[in-house]
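Beneath this line is the structure, given in structure tokens, with notes to follow.
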Amino acid sequence: MTGRIIPHANIIEIRQGDSFTIQIQLKISHQNINLYGSSINMQARDDNGNVVLSKLASEVDSANGKFALVLTPNDTNIQAGDYFTDIELSTPDGSINTIFPADVNKVGVLRITDQITR
């Protein structure tokens, strides 16, 4: 599970071909929120706007706002480099909110670093 999230830089960094799980728990005013019926999706695109990764999060405990984005070696086995990314929450009432990056003036980056062992 070689990866990390650098929140202030809005970067998710993962070694090419590795597994990485992004744990998500959403709260309002330090209180768990019920996200039953909601979905969380991550996409990454190259400079031409082509989707290189699209992943739907798994529900861990949606009643308490817990989800997990489980990236597999197949998901991360893309060319090393930086890709534009975000993670969005879609709720049953039809609203969509970007949860990463949290700053609406920033763009998220998925950074795939080179692997050695293949």
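Pairing each heavy atom of S19 with each of P73, the nearest pair is OG-CD, 3.3 Å. The minimum heavy-atom distance linking I96 with S90 is given by the pair CG1-OG, 3.8 Å.
A donor-acceptor pair shorter than 3.5 Å cannot be found between the side chains of N74 and T72.
Scored by the salt bridge (charged side-chain N to carboxylate O under 4.0 Å, His left out) test, K66 finds no partners at all (sequence neighbours excluded). When the salt bridge (charged side-chain N to carboxylate O under 4.0 Å, His left out) test is applied to D75, the partners found at least two apart in sequence or on another chain are K55. Taking D61 as the reference, nothing meets the salt bridge (charged side-chain N to carboxylate O under 4.0 Å, His left out) condition, with sequence neighbours excluded. In this structure D46 satisfies the side-chain hydrogen bond (donor to acceptor under 3.5 Å, both in side chains) test together with N50, sequence neighbours excluded. Residues passing the side-chain hydrogen bond (donor to acceptor under 3.5 Å, both in side chains) test with E59 are S62, sequence neighbours excluded. Applying the salt bridge (charged side-chain N to carboxylate O under 4.0 Å, His left out) rule to R15 yields no partners; only residues at least two apart in sequence or on another chain are considered.
With a 4.5 Å cut-off on side-chain heavy atoms, L89 and L35 count as touching. Side-chain contact between Q23 and T21 is present, with heavy atoms from C-beta onward closer than 4.5 Å. V109 is not listed as a side-chain neighbour of N10, based on a closest heavy-atom distance of 4.5 Å or more. Within the 4.5 Å cutoff, the side chain of L56 has no heavy atoms near those of the M42 side chain.
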List the steps, then state whether side-chain contact (heavy atoms from CB on, under 4.5 Å) holds for Q31 with I33. CA-CA 6 Å; Q31 298 293 315; I33 55 176; 5.7 Å; no
Hey, mind stepping through I99 and L26 against side-chain contact (heavy atoms from CB on, under 4.5 Å) and telling me if it holds? CA-CA 9 Å; I99 58 175; L26 301 177; 4.3 Å; yes
Pair T98, V104 - check side-chain contact (heavy atoms from CB on, under 4.5 Å), show working. CA-CA 8 Å; T98 300; V104 299; over 6 Å; no
Evaluate side-chain contact (heavy atoms from CB on, under 4.5 Å) for I87 paired with N41, printing each intermediate quantity in order. CA-CA 6 Å; I87 300 172; N41 186 47; over 6 Å; no
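A donor-acceptor pair under 3.5 Å links the side-chain atoms of T85 to the main chain of Q43, judged by distance alone. Counting only distance, with no hydrogens or angles, the side chain of Q115 and the backbone of D18 share no donor-acceptor pair below 3.5 Å. Although no hydrogens or angles enter the test, the distance criterion places no donor-acceptor pair under 3.5 Å between the side chain of S38 and the main chain of T91. A donor-acceptor distance shorter than 3.5 angstrom exists from the side chain of Q16 to the backbone of I78, with no hydrogens or angles considered.
Put simply, CD1 on I22 and CG on L69 are 5.0 Å apart, with the number rounded to the nearest 0.5 Å. Distance check, rounded to the nearest 0.5 Å: CD of Q79 to CD1 of I112 gives 11.0 Å. Between the OG1 atom in T76 and the CZ atom in F20 there is a gap of 10.5 Å [rounded to 0.5 Å].
Partner of L110 under the side chain to side chain contact (heavy atoms under 4.5 Å, CB included) criterion, chosen from D82, I12, D86: I12.
Under the 4.5 Å side-chain heavy-atom criterion for Ile, Leu, Val, Met, Phe, Trp and Tyr, I5 and F84 are members of distinct hydrophobic clusters. Criterion: ILVMFWY side-chain heavy atoms under 4.5 Å apart, direct or through other members. Under it, I24 and I28 are part of a common hydrophobic cluster. Hydrophobic clustering of Ile, Leu, Val, Met, Phe, Trp and Tyr side chains at less than 4.5 Å, counting indirect connections, unites V52 with L71.
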